[in-house]
Amino acid sequence: MKTHSRSRAVRTPGGLSVRLDPRALTVVVLLLVAACAAGIALIGTGDAKIPAVDVLRTLAGNGTAYQDFIVNELRLPRVLVGLLVGASLGLGGALFQSISRNPLGSPDVLGLSQGSTAGALTVIVLLSGSASQVTVGALAGGLATGAAVYLLAWKQGVHGYRMVLVGIGVNAVMTAVNGYLLTKADLVDAARAVVWMTGSLNGRDWEQVWPLLALCAVLVPLVLVNARGLRMMEMGDDISHALGVRVQWVRLLLMVSAVLLTAAATAAAGPVSFVALTAPQLARRLTRSPGPNLVPSLCMGAALLVAADWASQRAFGADQLPVGVVTGVLGGAYLLWLLVTERRAGRI
């Protein structure tokens with residue numbers, strides 16, 4: 001039986017060979033268009049409605065002073081944070097699922113989101129810290145939790161299912177720690193913490209955009225450069241070693257990158273649930289391509305979060321919900337479907 005590869009190798013002027021899949025490339029382009037369209041629709045809707053044409057004109061610098069204030073100062077930062085947070089979670093989830101070789105290997109399941117939450121709650125409840133200090137606390141909590149999962153799962157290397165099981169245990173511990181911190185908070189700090197824990201893009205401004213954009217500008221190229229090693233690792237450590245991949249180094253580098261992406265996204269918008277779990281799976285089903293599907297997962301995460309934010313503001317009438325509520329409902333239903341599918345396939 002003959003098999004025909006849809007991929008095509010393209011060699012750049014610098015001598016780098018890049019393999020392109022036409023279907024995956026089409027999916028990426030469509031997801032980017034969908035994310036941009038959802039972002040423009042989100043910017044244009046609200047108490048002060050602005051037509052899409054005027055939104056584009058204002059983004060190009062040709063709007064009125066009123067439109068410029070509404071679009072560039074009030075609404076654009078929120079949309080950009082949503083795009084960057086979704087992209088970070090989608091890419092981080094794809095990395096964890098590929099490293100663990102398990103569709104359940106996402107930051108939500110492995111405890112990283114709860115670890116970042118614990119770091120943020122510590123700053124809010126115990127230190128009454130500012131927004132920037134909460135961001136630092138969330139980053140520190142995510143990194144500490146990621147290090148704990150990696151070290152506890154280590155046994156002559158990191159096995160995927162062992163890492164998932166350790167992550168589930170760490171997730172339970174961090175959930176208990178977060179509950180304890182909430183009981184120690186006064187009413188004002190507890191209310192502030194609960195809003196943050198839900199996952200929301202309300203009130204986001206340029207202060208959240210620039211740090212997240214800078215981190216993505218560093219980590220995304222670093223991850224993509226090591227994508228070949230990640231693809232090889234999905235065939236097993238022994239084969240990867242034989243093909244010249246420094247397995248433990250690549251795995252550690254990509255895990256640190258995934259932890260940083262997840263922690264930064266959590267710091268910017270709170271623990272928005274299930275985007276990191278669902279985006280890579282949906283991207284893979286659309287591309288029908290083996291491998292980690294890093295770029296499609298990134299684009300899918302961005303499109304999902306901005307669309308969920310639009311739904312949280314517009315789909316429930318006068319009641320505006322935090323975006324984490326919408327992603328939690330949709331992602332929870334998807335997780336149940338995924339568990340049933342995996343059980344029927346005999347993998348769990």
Discussion item. Applying a strict under-4.5 Å side-chain criterion to I, L, V, M, F, W and Y, I'd like to know whether Leu254 and Val164 cluster together.
Written reply: yes
Worksheet item: Under a 4.5 Å side-chain heavy-atom rule over Ile, Leu, Val, Met, Phe, Trp and Tyr, are Leu282 and Leu31 clustered together?
Response: yes
Fill in: In one Ile/Leu/Val/Met/Phe/Trp/Tyr side-chain cluster, 4.5 Å: Val218, Leu83
no
Discussion item. Filter on salt bridge (charged side-chain N to carboxylate O under 4.0 Å, His left out), then keep only pairs touching residues 49-65, sequence neighbours left out; what's left?
Written reply: Asp54-Arg57
Item to complete: Assess whether side chain to side chain contact (heavy atoms under 4.5 Å, CB included) is satisfied between Phe96 and Val259, documenting all intermediate values.
Response: CA-CA 9 Å; Phe96 274 116; Val259 169; 3.7 Å; yes
Worksheet item: Are the side chains of Val136 and Val123 in touch, meaning some heavy atoms are under 4.5 Å apart?
Response: no
Item to complete: Give a yes or no on whether Leu59 and Val81 share a hydrophobic cluster (residues Ile, Leu, Val, Met, Phe, Trp, Tyr; joining criterion: side-chain heavy atoms under 4.5 Å apart).
Response: yes
Worksheet item: If you take all heavy atoms of Gly92 and Ala258, which pair is closest and at what distance?
Response: O-CB, 4.0 Å
Item to complete: Measure the OG1-CZ distance between Thr287 and Arg285 for me, rounded to the nearest 0.5 Å.
Response: 11.0 Å
Worksheet item: Going from OG on Ser257 to CG on Asn226, what distance comes out if it is rounded to the nearest 0.5 angstrom?
Response: 7.5 Å
Discussion item. I'd like to know whether CH2 of Trp206 has more than 12 heavy-atom contacts from other residues, nucleotides or ligands below 6.0 angstrom.
Written reply: yes
Worksheet item: What's the verdict on side chain to side chain contact (heavy atoms under 4.5 Å, CB included) for Ser200 and Thr198, showing C-alpha distance, side-chain angles and the deciding distance?
Response: CA-CA 6 Å; Ser200 174; Thr198 305; 5.8 Å; no
Worksheet item: Please walk me through it: do Leu112 and Met174 pass side chain to side chain contact (heavy atoms under 4.5 Å, CB included)?
Response: CA-CA 9 Å; Leu112 298 178; Met174 289 295 101; over 6 Å; no
Discussion item. Measuring only between side-chain heavy atoms, which start at C-beta, is Leu110 closer than 4.5 Å to Val170?
Written reply: no
Item to complete: Check the hydrophobic clustering (I, L, V, M, F, W, Y; side-chain heavy atoms under 4.5 Å; chains of links allowed) and say if Leu32 and Trp310 are grouped together.
Response: no
Item to complete: Without swapping roles, check the side chain of Arg75 against the backbone of Ile43 for a donor-acceptor pair under 3.5 Å.
Response: yes
Practice prompt. May I ask you to check whether Thr117 and Asn178 show a side-chain donor-acceptor distance below 3.5 Å?
Written response: no
Discussion item. Which heavy atom of Ala118 sits nearest to which heavy atom of Val177, and what is that distance?
Written reply: CB-CG1, 4.5 Å
Practice prompt. Nearest 0.5 Å please: distance from the CD1 atom of Ile70 over to the CG atom of Leu76.
Written response: 12.5 Å
Worksheet item: Under a 4.5 Å cut-off applied to non-hydrogen side-chain atoms, are Val166 and Tyr150 in contact?
Response: no
Worksheet item: What distance separates Leu224 CG from Leu298 CG, expressed to the nearest 0.5 Å?
Response: 8.0 Å
Fill in: Check: Arg204 side chain, Asn202 main-chain N or O, donor-acceptor pair, under 3.5 Å
yes
Worksheet item: Is the side chain of Ser98 donor-acceptor paired with the backbone N or O of Ala94 at a distance under 3.5 Å, no angle test?
Response: no
Fill in: Exercise: identify the closest heavy-atom pair between Pro292 and Ser297
O-OG, 4.0 Å
Item to complete: State, yes or no, whether a side-chain contact exists between Met300 and Gln281 at a heavy-atom distance under 4.5 Å.
Response: no
Fill in: Side-chain touch Pro271/Thr266, heavy atoms, less than 4.5 angstrom
yes
Item to complete: Using modelled atom types only, decide if a donor and an acceptor are shared between the side chain of Gln208 and the backbone of Asp205 within a distance under 3.5 Å.
Response: yes
Practice prompt. Specify the closest pair of heavy atoms between Gln97 and Leu277, including all atoms of both residues, with the distance to one decimal.
Written response: NE2-O, 3.1 Å
Response to the item:
Distance col, row Asn171:CG vs Thr175:OG1, nearest 0.5 angstrom, shows 4.5 Å
Practice prompt. Could you walk me through whether Leu330 and Thr278 pass side chain to side chain contact (heavy atoms under 4.5 Å, CB included), step by step?
Written response: CA-CA 9 Å; Leu330 298 178; Thr278 57; over 6 Å; no
Item to complete: Please report the closest heavy-atom contact between Ala302 and Ala35, naming both atoms and the distance.
Response: C-CB, 4.4 Å
Worksheet item: So, do Leu304 and Thr327 sit near enough that their side-chain heavy atoms are less than 4.5 Å apart?
Response: no
Discussion item. Tell me if the CG atom of Leu336 is crowded by more than 12 foreign heavy atoms within 6.0 Å.
Written reply: yes
Item to complete: Please round to the nearest 0.5 Å and tell me the distance separating atom OG of Ser88 and atom CG of Leu212.
Response: 4.5 Å
Item to complete: Give a yes or no on whether the backbone of Thr64 and the side-chain of Gln67 come within a donor-acceptor separation of less than 3.5 Å.
Response: yes
Item to complete: Check whether any side-chain heavy atom of Leu89 lies under 4.5 Å from a side-chain heavy atom of Pro107, and answer yes or no.
Response: no
Practice prompt. For Asp108 and Phe274, indicate whether the former's side chain and the latter's backbone hold a donor-acceptor pair under 3.5 Å.
Written response: yes
Practice prompt. Using the side-chain hydrogen bond (donor to acceptor under 3.5 Å, both in side chains) rule, take Asp68 and Thr58 through it: C-alpha gap first, then chi angles, then the decisive distance, then the call.
Written response: CA-CA 6 Å; Asp68 182 69; Thr58 303; over 6 Å; no
Worksheet entry | Short side-chain to backbone donor-acceptor contact, Asp309 and Leu305, under 3.5 Å | no
Item to complete: Could you check if a side-chain atom of Thr145 sits within less than 4.5 angstrom of a side-chain atom of Gln114, using non-hydrogen atoms only?
Response: no
Discussion item. If I compare all heavy atoms of Gly167 with all of Val149, which pair ends up nearest, and what's the gap?
Written reply: CA-CG2, 4.3 Å
